[in-house]
Amino acid sequence: MKQEKINENLRHAIHQLMCEDEAVVVIGEDVREPYGGAFKINKGLSDDFPDRVIGTPISEEGFVNMASGMAIMGHKPIVDMMFSDFTTLSFDPLLNFASKSVTMYGDKLDLSMIVRCANGGYRGYGPTHSQSMQKYFMGIPNLSVYELSPFHDNYYVFNRMLSEKNPCIFFEEKIIYSQYRYENGVIDELFNYSFKGDHENWAVASIEENSVPDVLILCPGGLASMCMKVAEKLIMADEIEVKVAVPSKLYPCGIEAIIEDAVAAGKILIVEEGTSGHTWGEGIAVKLYPYLNKQKDGAIELLSSSDSIIPASKYYESQVLVGEQDIYESVLKLMKIAKEG
Amino acid sequence: MRPIVVPQLNANDNSCLIQNYYCAEGEFIHSGDLITTLETSKAAIDIECEADGYFYPAAKEQTDVRTGEVIAFVFESLQEMNTYKELSVGSATAESTASYKLSNQAEAFAALHQFSQQELSALNKKLIKLSDLEELLKQRIDGDEARILLSKNQKQVSKTVAESHKNIPNAFLLMKVYCDEALTGMREIGEQLEVIVGFGEVLPVLLVSIKDEFPLMYGKLKDEDTFIPAAEVNVGVTIDVGTGLYIPVIKAEHAGRIEHTAEIMMEYKYKALRSSFAETDLMNGTITISLNTSADVVSVIPIILPGQTGMISVGAVMKELVLKEGTVAERSYINLGLAYDHRVVNGFYAVEFLARLKSKLEHFEINV
């Protein structure tokens, strides 16, 4: 069977949605042929749906406002935000217009829209094109935050977002676009995965599904494949067994589905690419603590990128962003803490 | 070669289950023939052949396949099919050899101990850790462990020793016996009889001689309240010439006289060498002597044979210096031990008994 790349899956998902539902439109800069979007996710789309792929000027505030208005009128816009760094320009329409409109007028309004954002670093794009912007959008009423993952099928995820009937922002880690998806429950020779929780929100990767791991790693989809590499290294080199749990929806994010694994492991590492301070992981950690604080060697470790702007030099960028070695060392640290009590 | 692929299913499913194939591998099928049925969460979809040709299944029955995945091929000729088959089977077996992975530590350990692929795959683990192999190695060692079966004789010894330790609460008394006089006497008797005479030959004679003074040392405890004195003194003597431990018994009619005990002991030593004791040689002991006269043996604590009250132990002859009328002289001694059934006699009685034997040895009066 031919393995599917993540960007192919994303492209097919949007294409499929447009086939099935005429309300779905794509809006953004350079989304039409011959460009097809900065990361080619919209490739070929304007050929197939010439009236429903809307190219815009450089005007994030304007076209997100426009998309919000179309959503109120019953369209289902999928906005292509070329780089997630630019979402600051659309913060006002998302916070003050789209998300509020859902419950601002007495009756609940259906407002299905998705803002897709190419997100994250590791490409040497510098401080203005490398940020992980997720945390700025968490905690806003009626706004859901999702992230692209190698586990979750995007057709399923996009349907889920549209069925929420409120604005959703979808972060897509740029470095995983060209990676292959994990399919049919298999990651590689060693690791399998299964979905847990409502809407299959959590993908949990493990060597043996029912075994008790030494450490449970939680991370959004962008760093999932990095965590899987580390998981393989840990088991092969150190015989440390980890499970990796990856949610599709980051906010609001229920943890019920992974509590059992978390309590069994006792030691939790939460990894994310965003800079430290008021992170997604902090919120998850607070939710997990009541379940772990009775445990003898229960511990939660948070790992984020440094409290720094992201340098353009690849070397200095690697010093700032979370890397494989950081994840590896954090797990060893957790094991050491547990050992020493 | 025409592939047959899983069609677009529905909005909910992107994979489905292949039911059984309706045609066999290599069968010539026609356009429109039913090949298999795919089962999604909501419906069953029949898959039909689109062109005439030879059928070859690419996916296994009862497995999940995804939209767009190839289920089967239809080949124009059997030759084409066989060529494809050879190529695909070759790559499949190459994949199946690695059904497990080893951690780095486990891999080094497996190389060191040369575990076979069969041993490793028999573990039935996706990931083999060091601890798994340590367990495997332990089983391997246990399997190869050398075994020595106990001899028939030793099994009997084992039973007796175990029974003694279980049932008889023994006490032990050790006494020094100066034996220059006895050694001289035994040597003289030996020269006279032209046999070797030692404590094994002499002690039975002495034991017979003091029997009436110490009836409780000869006989057995019947129950908590009753001791049955032995009618006669049959003296067992331990003999081990390397063929196993035997305790032949010098019967009462011979035990009282040194020329008889010497003769019988000689006979028993030969029998021990040939392991040719008769059942009767080993029966009906009343009291037993444990001989441990190899150089430098200080003493042994013997067991008490079930049905008896005591066992006497004789250690090696030792020498010491002594002041005799102001001059330093050499003196020989043995440690004479007595294990006794504390239910029957106490220390006072045992001391009296052993002191009596000591005195008999130190004032040696046995004659032919």
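Throughout, a chain's letter reflects where its sequence line sits, starting with A, and its residues are numbered from 1.
Annotation for E22(A): atom CD does not count as buried by contact number, only 12 or fewer foreign heavy atoms lying within 6.0 Å. The number of heavy-atom neighbours closer than 6.0 Å to NZ of K43(A), taken from other residues, nucleotides and ligands shown, is above 12. At most 12 non-hydrogen atoms from other residues, nucleotides or ligands lie less than 6.0 angstrom from NZ of K229(A). Counting non-hydrogen atoms of other residues, nucleotides and ligands closer than 6.0 Å to CD of E324(A) gives a total above 12.
Neither the backbone nor the side chain of A58(B) comes within contact range of chain A, judged by heavy atoms closer than 4.5 Å. In this structure, chain B has no heavy atom under 4.5 Å from any part of D188(A). The parts of L130(B) that come within reach of chain A are both its backbone and its side chain, each placing non-hydrogen atoms under 4.5 angstrom from that chain.
Just one of E239(A), M236(A), E241(A), E208(A) meets the side-chain contact (heavy atoms from CB on, under 4.5 Å) condition when paired with L127(B); it is M236(A).
With sequence neighbours excluded, the residues that form a salt bridge (Lys or Arg N to Asp or Glu O under 4.0 Å) with E164(A) are K249(A). For K233(A), there are no salt bridge (Lys or Arg N to Asp or Glu O under 4.0 Å) partners at least two apart in sequence or on another chain.
D238(A) CG to K129(B) NZ: the interatomic distance, rounded to the nearest 0.5 Å, is 11.5 Å. One distance of note links OG of S103(B) with CG of L190(A); it measures 10.0 Å at 0.5 Å rounding.
Proximity of K101(B) to I235(A): side-chain heavy atoms (C-beta onward) are nowhere separated by under 4.5 Å.
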